[in-house]
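All ligand and atom numbering here is 1-based and tracks the order in the structure. For the single chain, residues carry numbers from 1 onward in sequence order. Below, each value reflects all heavy atoms present in this structure, side chains not excepted, and no hydrogens, waters or symmetry copies. What you are looking at is a predicted structure, and each value in this text was computed from that prediction instead of being measured.
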Amino acid sequence: MTDPRVTELAGLLPGLKLSIDAGDLEHHGRDWTRRWTPAPMAVAFPADIAEVQAIVRWANGASVAIVPSGGRTGLSGGAVAARGELVVSLDRMNRVLGFDPIDRTLTVQPGIALEAVQNAAREHSLIYPVDFAARGSCQIGGNIATNAGGIRVIRYGNTRQWVAGLKVVTGHGELLDLNRGLVKNASGYDLRHLVIGSEGTLGIVVEATLWLTSPPLQTQVMLLAVPAMDALMKVFAEARHRLRLEAFEFFTDRALAHVKAHGGQDPFDTVHPFYVVTEFDAADEAAKDAAMAFFELCVGEGWVVDGVIASSDAQASSLWRLREGITESLARHRPYKNDVSVRIAAVPAFMDDMQRLLAVEYPDFEVVWFGHIGDGNLHINVLKPAGLDNDAFVAQCEHVTSMLVETLRRHEGSISAEHGIGLVKKPWLSSVRSPGEIALMRGIKAVWDPNGVMNPGKLL
Ligand code: MLT
Ligand code: ZN
């Protein structure tokens, strides 16, 4: 039976596309975490800003919780609707609204896929440089709400660096036009940056103006085989010193085995404990010579035992696939995901401590390491053994997370580098943010969303 509040909303906004179809509820009620059973009351598909505003205002009056919904590729449960919420999907607001060649900005609606933003930038011989494997499915509104990172942060920073302006409907239903593409704007608190990374708890992004930049002239992709964990950061230090890096990512033999089982092509004859995939500028002979000198030095030092440089775009994609295919190849094992970060300089000591902890705590579980090691961001995925009940598995992993948090505290790191707190990491927020910080966050939430309709239960 239809919830009477949905009937009321439909009566109030007759033009609004609303669905209570079981398939839509299931599809739009979950993200990639797959831990919660989707149970939204309905899914609304607004077509414009006015409809978003009307929905939010109605939700305030009707005390209905809203879950803003993009591509739902998130890994922290931030877009899960499991408690009768109204999902507000931005799927229909997916257009490019304009390009400004002088400002070099692209203005888009929030439901546009990241890949479509990247393609639109290329039409103007520019790039939108934020990039990660979910580019075809994730949406820019979700990228902004989570301050998405990815594989090129080392060169270009997180999503935050590329947001020139934002239109946001607050939890109260007010439309804010934040920063308006200004490069310089010293007029008080920059509210745009509060929204970026707020995980849908303050308002809904309804339009974004993004800065674009020039593409690198030419890059090269190199895959390196690394014999030991302690060599990884030595290789990184040399790479950063000698090359202009676009990306520096690592993964383990276990990660590679899963990707290979999904069709990934391993260019090496033997298995190695660690791999690095790195991309760097190689526009002239000097840059290419620097890359060879870097490789030879690493081999000479014993930090690298084999390597491949891509000689075509196709080979570059195939090397990248070994890194980018990891998440998908692990998905069927329902991995428990840790997405942690420490300062780059703290990575070696942190990895040593973590390896010791995990060897003791997960003797029987398969643990897969990969990630953005050049940013100090490690993804540590624990795979569920086939026979183990999911709840028991999660409980055991959460117990270990509590210990991991101690290690993170010692190294002054974060429990979430890029996936966000959402539902998954909520119990540990207080381990990385002080009581003073959390009190301020709650205060900010109360001002932006006084009736608590915006993604309640997530983050805070
Ligand atoms: C990645 O780096 O591949 C993404 O953060 C996804 C993941 O951690 O699985
Ligand atoms: Zn990542």
Just heavy atoms, cut-off under 4.0 Å: does [X] contact ligand 1 by side chain, backbone, both, or neither?
X	value
H419	side chain
L75	side chain
F370	side chain

Within a reach of under 6.0 Å around CD of E328, are more than 12 heavy atoms found that belong to other residues, nucleotides or ligands?
no
Heavy-atom gap R323 to ligand 1 smaller than 4.0 Å
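Under 4.0 Å: yes for R323.
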Test item, H372 contacting ligand 1 (heavy atom, 4.0 angstrom):
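In this structure, H372 qualifies as a contact of ligand 1 - some heavy atom is under 4.0 Å.
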What class does the angle between the rings of [X] and [Y] fall in, given that below 30° is parallel, 30 to 60° is tilted and above 60° is perpendicular?
X	Y	answer
W162	Y128	perpendicular
H379	H372	perpendicular
Y275	F251	parallel

Side-chain donor/acceptor of E85 to backbone N/O of A82, under 3.5 Å
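Looks like yes, one N/O pair under 3.5 Å.
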Taking Q118 for the side chain and V130 for the main chain, is one N or O donor matched with an acceptor at less than 3.5 Å?
yes
Provide the number and element of each atom of ligand 1 under 4.0 Å from a heavy atom of H379.
1 (C), 2 (O), 4 (C), 5 (O), 8 (O)
About how large, to 10 degrees, is the angle OE2 of E418, then the Zn ion (ligand 2), then NE2 of H372?
90°
Looking at ligand 1, does any of its N/O atoms fall within less than 3.5 Å of an N/O of N381?
no
Just wondering, is there an N, O or S atom on H379 that's nearer than 2.8 Å to the Zn ion (ligand 2)?
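H379 does place an N, O or S atom closer than 2.8 Å to the Zn ion (ligand 2).
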Any cation-pi pair here, K425 with Y336, using under 6.0 Å and within 45°?
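Relative to the ring axis of Y336, which defines the angle, K425 lies inside both limits.
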Restricting to heavy atoms, the pick from I326, T73, T327, N377 nearest atom 7 (C) of ligand 1 would be T327
